[in-house]
Amino acid sequence: MNSPFRTVLAAILSLIAAVPAAQAKAVPVCSYRIDNAYPHDTGAFTEGLLFDRGLLYESTGREGDSRIVVRKLETLEPIREAQVDPSVFGEGLVDWKDQLISLTWRDGIGYRWDRATLKPLGTFRYEGEGWAMTRHGETIYQSDGSATLRLRDPATMRQTGSLAVTADGKPVANLNELEWIGGEIWANVWMTDRIARIDPKTGKVTSWLDLTGLREQAGGRGVDAVLNGIAWDAPTNRIFVTGKNWNQIFQIAPDCPKGT
């Protein structure tokens with residue numbers, strides 16, 4: 001093969017290879033609007049948040065102060081409250097049938113609670129760190145601080161699969177509090193102001209929700225006072241977010257670029 005032909009062929013192949021990269025679109029970034037705000041306990045180191053049938057359920061962390069609280073949105077007064085073993089660091093929370101299920105950070109112990117009374121029903125063991133959970137049907141999605149979500153059977157809490165989460169082809173580490181919203185998994189990314197909106201079939205982040213400004217508005221102070229807590233009121237399509245030791249829970253709506 002003569003040198004000029006080889007040079008031309010190399011240039012053509014280079015252009016062909018560049019076409020997919022040029023056509024690839026970066027993950028879009030959505031802003032937000034605040035539709036309402038509600039009080040939040042500044043003593044709550046929020047780890048899990050969910051909303052169902054008019055009630056807010058929240059789990060908190062830190063040894064000696066880990067608890068499960070059930071209340072109305074409009075008031076800080078608990079309707080029910082349960083303390084977690086003071087020797088462990090409480091983490092995420094999910095509902096299943098007539099139960100609540102909660103995790104611990106590094107202790108490998110999970111708890112089952114009676115949803116109506118918050119009386120303890122039993123414990124279970126699991127491997128790895130426990131961060132957060134959400135549920136769709138009979139599948140629980142659990143984060144552990146990595147870029148991979150664990151899929152679990154709520155009846156046994158045995159792992160049934162996994163979901164690798166990526167954005168622009170790269171793993172998204174530090175996935176934290178989770179919520180199933182309208183066919184997507186929403187995930188706080190620890191120590192950031194962003195929520196990843198994840199396609200549960202592919203694990204790809206379809207868009208980012210940038211909530212910059214909420215932390216300051218909620219009086220978040222200190223390195224740990226980060227965005228963490230997503231809840232969805234499915235019948236009214238209301239989305240609530242908060243953070244660790246924030247003074248407010250915000251009802252928000254994403255404002256995404258056209259075509260997103």
Side-chain angles (χ1 to χ4, degrees), residues 24-34 46-51 59 61 91-94 103 105 128-137 139-152 159 161-215 218 220 223-234 237-244 246 249-260:
K25 295 181 180 179
V27 176
V29 179
C30 305
S31 59
Y32 66 95
R33 73 169 190 265
I34 299 173
T46 306
E47 300 293 355
L49 198 70
L50 65 95
F51 187 89
S59 60
E91 283 280 353
L93 183 74
V94 73
L103 300 177
W105 182 22
E129 294 187 1
W131 283 42
M133 295 179 288
T134 191
R135 180 183 58 82
H136 178 61
T139 300
I140 285 177
Y141 296 83
Q142 181 227 317
S143 62
D144 59 12
S146 71
T148 300
L149 300 179
R150 300 172 188 253
L151 279 60
R152 296 189 182 275
Q159 185 169 338
S162 61
L163 181 68
V165 178
T166 61
D168 298 318
K170 299 177 182 179
V172 181
N174 294 323
L175 297 172
N176 203 352
E177 223 278 298
L178 308 172
E179 183 72 13
W180 183 277
I181 299 180
E184 301 175 327
I185 300 170
W186 288 32
N188 284 126
V189 181
W190 184 51
M191 300 302 283
T192 78
D193 292 315
R194 283 192 167 190
I195 289 174
R197 297 171 64 177
I198 303 163
D199 182 337
K201 294 180 180 178
T202 65
K204 293 181 180 179
V205 176
T206 58
S207 65
W208 297 104
L209 182 55
D210 186 350
L211 299 182
T212 298
L214 283 189
R215 171 181 166 134
V223 66
D224 289 326
V226 294
L227 180 73
N228 199 50
I230 313 169
W232 184 41
D233 181 16
N237 198 31
R238 292 186 297 171
I239 300 167
F240 306 107
V241 298
T242 192
K244 301 174 187 287
W246 286 16
I249 293 174
F250 298 97
Q251 179 186 331
I252 63 160
D255 184 7
C256 297
K258 289 183 178 180
T260 301

Inset, instruction - Would you sort out whether Val223 and Met191 count as a side chain to side chain contact (heavy atoms under 4.5 Å, CB included), showing the intermediate values? - result: CA-CA 8 Å; Val223 66; Met191 300 302 283; 3.5 Å; yes
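- Thr242 places no side-chain N or O within 3.5 Å of a backbone atom of Gly229 that could act as its donor or acceptor partner.
- Of all heavy-atom pairs between Glu177 and Ile230, the closest is OE1-N, 2.6 Å.
- Closest of all the heavy-atom pairs between Ala196 and Val205 is CB-CG2, 4.0 Å.
- Looking at residues two or more places apart in sequence or on another chain, you find a side-chain contact (heavy atoms from CB on, under 4.5 Å) between Ala253 and Arg33, Asp35.
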Inset, instruction - Evaluate the criterion side chain to side chain contact (heavy atoms under 4.5 Å, CB included) for residue pair Thr192 and Trp208; output intermediate values, then yes/no. - result: CA-CA 11 Å; Thr192 78; Trp208 297 104; over 6 Å; no
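- Evaluation of the salt bridge (Lys or Arg N to Asp or Glu O under 4.0 Å) rule for Arg215 yields no partner, not counting sequence neighbours.
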Inset, instruction - Take Arg135 and Trp180, measure what side chain to side chain contact (heavy atoms under 4.5 Å, CB included) needs, and give me the verdict at the end. - result: CA-CA 7 Å; Arg135 180 183 58 82; Trp180 183 277; over 6 Å; no
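- For Asp193, there are no salt bridge (Lys or Arg N to Asp or Glu O under 4.0 Å) partners, not counting sequence neighbours.
- Here the shortest heavy-atom pairing between Ala225 and Trp246 reads O-NE1, 3.1 Å.
- Contact check for Val241 versus Asn188: no side-chain heavy atoms found under the 4.5 Å cut-off.
- Atom CD1 in Ile140 sits 11.0 Å away from atom CG in Leu178 (nearest 0.5 Å).
- A distance of 7.5 Å separates CG of Leu151 from CD of Gln159, quoted to the nearest 0.5 Å.
- By the salt bridge (Lys or Arg N to Asp or Glu O under 4.0 Å) test, Asp199 is found to be paired with no residue, residues two or more places apart in sequence or in another chain being considered.
- Here the shortest heavy-atom pairing between Ile198 and Ala187 reads CD1-CB, 3.9 Å.
- For the pair Leu175 and Ser143, the tightest heavy-atom approach, listed with the atom from each and the gap, is O-CB, 3.4 Å.
- You'll find the side chain of Gln142 stays beyond 4.5 Å of the side chain of Val94, heavy atoms only.
- Taking all atoms of both residues into account, the shortest heavy-atom contact from Ser59 to Leu93 is OG-CB, 3.5 Å.
- For Arg150, the salt bridge (Lys or Arg N to Asp or Glu O under 4.0 Å) partners are Asp144, not counting sequence neighbours.
- Inter-residue side-chain proximity for Ile195 and Leu227 is flagged as met; some heavy-atom pair is nearer than 4.5 Å.
- A salt bridge (charged side-chain N to carboxylate O under 4.0 Å, His left out) with Glu184 is found for exactly one of Arg197, Lys201, Lys204, namely Arg197.
- Side-chain contact between Ile252 and Leu209 is present, with heavy atoms from C-beta onward closer than 4.5 Å.
- The side-chain heavy atoms of Ile185 and Val165, taken from C-beta on, include no pair separated by under 4.5 Å.
- The aromatic ring centres of Trp232 and Trp186 sit 6.0 Å or more apart.
- Here Thr148 contributes atom OG1 and Leu163 contributes atom CG; the two are 8.0 Å apart, rounded to the nearest 0.5 Å.
- Listed by first then second residue, pairs satisfying side chain to side chain donor-acceptor pair (under 3.5 Å) with a partner in residues 162-176 read Asn176-Asn228, not counting sequence neighbours.
- At distances below 3.5 Å, not a single donor-acceptor pair connects side-chain atoms of Tyr141 with backbone N or O atoms of Glu179.
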Inset, instruction - Begin with the C-alpha distance, continue with both residues' side-chain angles, and end with the deciding distance and a verdict on side chain to side chain contact (heavy atoms under 4.5 Å, CB included) for Leu211 and Phe250. - result: CA-CA 11 Å; Leu211 299 182; Phe250 298 97; over 6 Å; no
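- The aromatic rings of Phe240 and Phe51 lie tilted to each other, with the angle between the two planes from 30° to 60°.
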